[in-house]
Protein chains: 2
Amino acid sequence: MYVRCAACPLRVRPAFVQKSDEEVALIEAWKSDHLRLPAGAEFIRPEQTDAELFTLFSGWAFRYKELIDGRRQILNFALPGDLIGLQSSMFGKSLYGAVALTDIELCLLPRRKLGNLFERYPELGYEVTWLGARSESLVDENLLSAGRRGAAERIAALVAGLYKRAETLGLVEDGALELPLTQQHIADALGLSLVHTNKTLARLRAQKLFSISEGRLVVHNLRGVSRFAQHFEDDLAPRPMI
Amino acid sequence: MYVRCAACPLRVRPAFVQKSDEEVALIEAWKSDHLRLPAGAEFIRPEQTDAELFTLFSGWAFRYKELIDGRRQILNFALPGDLIGLQSSMFGKSLYGAVALTDIELCLLPRRKLGNLFERYPELGYEVTWLGARSESLVDENLLSAGRRGAAERIAALVAGLYKRAETLGLVEDGALELPLTQQHIADALGLSLVHTNKTLARLRAQKLFSISEGRLVVHNLRGVSRFAQHFEDDLAPRPMI
DNA sequence: GCCGGCCTATGTCATCCGACATAGCGACGG
DNA sequence: CCGTCGCTATGTCGGATGACATAGGCCGGC
C-alpha cells in the first residue's frame, strides 16, 4: 500500500528534523510512487541513463561500482531515510549501481522535477544538498578504512559506523541489531577477500568486542570497538528527510 | 590582486558551462574575497567549526582525513574550478582537512550566505548540488581503487583520472602536465606505503605507458593506461563553475 | 660551505592478505 | 530422497605489500 508522507512513520523518528505540515505536503507532492522490491533487486544500474532519485523507506541497500573483470566495491550502505541516486539524477548517467540487501520500500522522487524543486522550494533543495554531502562523508570514511586501516580495524570501523547509524534510527535493542550482510558484502565493502574476512571475523569474535552471526550484530563494548577502529564520528542527526 | 568574476579567465574555458552576464553578477555578489595561500597551507582543518566554502581558482589542493595515530588518507585532489568545503559548510564541523599542494588562489564563498543563495538563486543552488555530487563521484572512484585495484593499477587509475581532468582544463601540452605530487602524496591517496609506491612507479616507468618525474607527468599511451587501470570514466564536462 | 631536511631510490626481510582447496550446514526444488 | 546452491568455516601456500635500513641528490639557511 502507498504510504503518504503525512502519515509517514519514519520521518517522525528523532533522527530526523521534524517538518511542518506544509513542508510535508511539498514532499508529498514531489513523491510520485512507493515501490516494493525484493532483496537482491538492482534499482539503479551502472550506466543507466534514466535512473531516478529515491528515499529508502524501509530495509537496507547499498551502492557499488565494479571493474570489468568483476571485482566489486561496495561504496556505502543505505539505511531508512537515506537518499539514493542524486549523482545519477544530476549527471544523466549513473556511475554506480544500487541494490536492495533486504526486501525494501522506496519513495520515488522523480528526477525530472528536481530542477523545478530547487526553484519552487529552495528549502528542500538545500536539504537535498545536505543529504548529498552526508552521503559523501560516508564514502570519505569508507575510503579512509580501505586505504589506511588493517583488516580487523576495517571490520571494527564498519561495525562502529553501522551501529551508530542504526542507533539513531532506533534499530538497536539490547546492543543488538539485524545485520543483513553476508561476509561477501562485508568483504566487498572493505576491500578484502571473502576468506580473509571470514578469518578476521573469527579472530575478532574471540576478542569479544562484538560478534556477527546469524544475521545479527551484537556489540558488547562500543567504546572498545570505536577505540580499536579509531572510529570517533557520530552519525549526523537530526538530519533532513525527504 | 582581486579577480572579478566578470573578468575570470577560468570560467571561460570550455570545461565549464558558459554563464550569462547576469548569472556571473550573482556569483560575483556571493564571492567575498580572493585569497592567496602558499603551498602547504591548510585552509580547512579537521574539526574546524567555521570552515568556509571555496572555489579553487588556481593551483592544486587535496582533501584528507587521518587516524589519531597519524595514518593519513587523501580523499581526492582538487583542480581549478573545483568547489571545496561543502560538507564542512553544511555540517558546521569539518570531517576532513584541505591543504594546498601548490601556491593557490581561492575564491571565498561565505557559507553564511549559502542558505540565502538557495532561496534567491535556485539555479545556483542546483549547481552547488551538482558540484557536490561530482565531488562524491571522485571519492567513489578512489574508493574503488583503494578497495579493489592492485598497487600498479591504482597508480595507473590515478594517472588516467588526473590526466583526463587536466585535459578538460587545458593543462595538458604534448601529452604532459605539471604534477605537483610527491610520492608520499600518491601513496597517501592510494592507500600504499611510500616505499612500495616508489618501487611500483619504477616498474611502471619501465612499461613506458607513462612516467612521473621531476614534477611532470608524461602519458605516452592514454588508452593503454586506461585499459591497464580499467579506468573508463571521462571527466564530467562541461560543468558548472561558481 | 656545511648542515639538515625533503625527496627519491634500492635492498632485505617480515607480515598481511589473497588464492585455492575442502568441508559442513541449511534451504530449496524436482 | 537427493542434488544443488549459497553461506560459513578452516588449512595451506604463495604473492603482494609494508617495515626498516641505507644512500644520493637537491635546496635553503646560517
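Residue numbers start from 1 in every chain, and the chains themselves are labelled A, B, ... in the order their sequence lines are given, proteins ahead of strands.
Look at CD on E214(A): it is 14 Å from P on dC25(C), rounded to the nearest Å. Atom CG of L181(A) and atom C1' of dC7(D) are 13 Å apart (whole Å). dA19(D) atom P lies 11 Å from atom CG of D69(B), rounded to whole Å. Atoms CG (L179(B)) and C1' (dC7(C)) sit 15 Å apart, rounded to a whole Å. Here the C1' atom of nucleotide dG18(C) and the CG atom of D188(A) are 14 Å apart, to the nearest Å. Computed from coordinates, the R71(A) CZ to dG18(C) P distance equals 12 Å when rounded to whole Å. Here the P atom of nucleotide dC17(C) and the CD1 atom of I186(A) are 16 Å apart, to the nearest Å. Residue I212(A) contributes atom CD1, which lies 14 Å from atom C1' of dC7(D) at whole-angstrom precision.
Nearest heavy atoms, E42(A) versus P46(A): OE2-CD, 3.8 Å. Counting all heavy atoms, side chain and backbone alike, I242(A) lies closest to T55(A) at O-OG1, 2.5 Å. In terms of heavy-atom proximity, G85(B) sits nearest to L53(B) at C-CD1, 3.6 Å.
No donor-acceptor pair closer than 3.5 Å links the side chain of K65(B) to the backbone N or O of L143(A). Checked by atom type and distance alone, the side chain of R11(A) pairs as donor or acceptor with a backbone atom of M241(A) at under 3.5 Å. No side-chain donor-acceptor contact under 3.5 Å links T200(A) to the backbone of A152(A). R149(A) places a side-chain N or O within donor-acceptor distance of the main-chain N or O of Q230(A), the cut-off being under 3.5 Å.
Considering only side-chain N and O atoms, Q183(A) lies nowhere under 4.0 angstrom from the phosphate OP1 or OP2 of dG6(D). Contact annotation: Q184(A) does not reach the phosphate of dG6(D) (side-chain N/O to OP1 or OP2, under 4.0 Å).
Here the nucleotide nearest the side chain of L192(A), chosen from dC17(C), dC7(D), dG18(D), is dC17(C). Side chain of V195(A), nearest nucleotide from dA21(D), dG11(D), dT8(C): dG11(D). Checked against dC17(C), dT17(D), dT8(C), the side chain of H196(A) finds its nearest nucleotide in dC17(C).
Taking every heavy atom of residues 154-163 of chain A and every atom of DNA chain D, no pair lies under 4.0 Å. The stretch residues 198-206 of chain A touches DNA chain D through N198(A), K199(A), R205(A), each having a heavy atom under 4.0 angstrom from the strand.
By the 4.0 Å N-to-carboxylate-O rule, R165(B) lies close enough to D82(B) to be salt-bridged with it. Salt-bridge annotation for R148(A) and D188(B): present, with a side-chain N of the basic residue lying under 4.0 Å from a carboxylate O of the acidic one.
Residue L194(B) is the one, among L194(B) and L194(A), whose nearest nucleotide of DNA chain C lies closer to the 5' end (criterion: closest heavy atom).
Five base pairs at each end of the helix from dG1(C)-dC30(D) to dG30(C)-dC1(D) define two local axes, and these are offset by 30° (rounded to 10°).
Defined by atom type and a distance below 3.5 Å, a donor-acceptor pair is missing between the side-chain atoms of S137(B) and Y96(A).
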(message) As a quick check of understanding, evaluate salt bridge (charged side-chain N to carboxylate O under 4.0 Å, His left out) for E66(B) and R71(B), giving each step before the final call.
(response) CA-CA 6 Å; E66(B) 59 188 359; R71(B) 283 175 280 177; over 6 Å; no
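Within 4.0 Å (heavy atoms only), G191(A) reaches sugar-phosphate atoms of the nucleic acid but no base atom.
Within the 4.5 Å cutoff, the side chain of I212(B) has heavy atoms near those of the F210(B) side chain.
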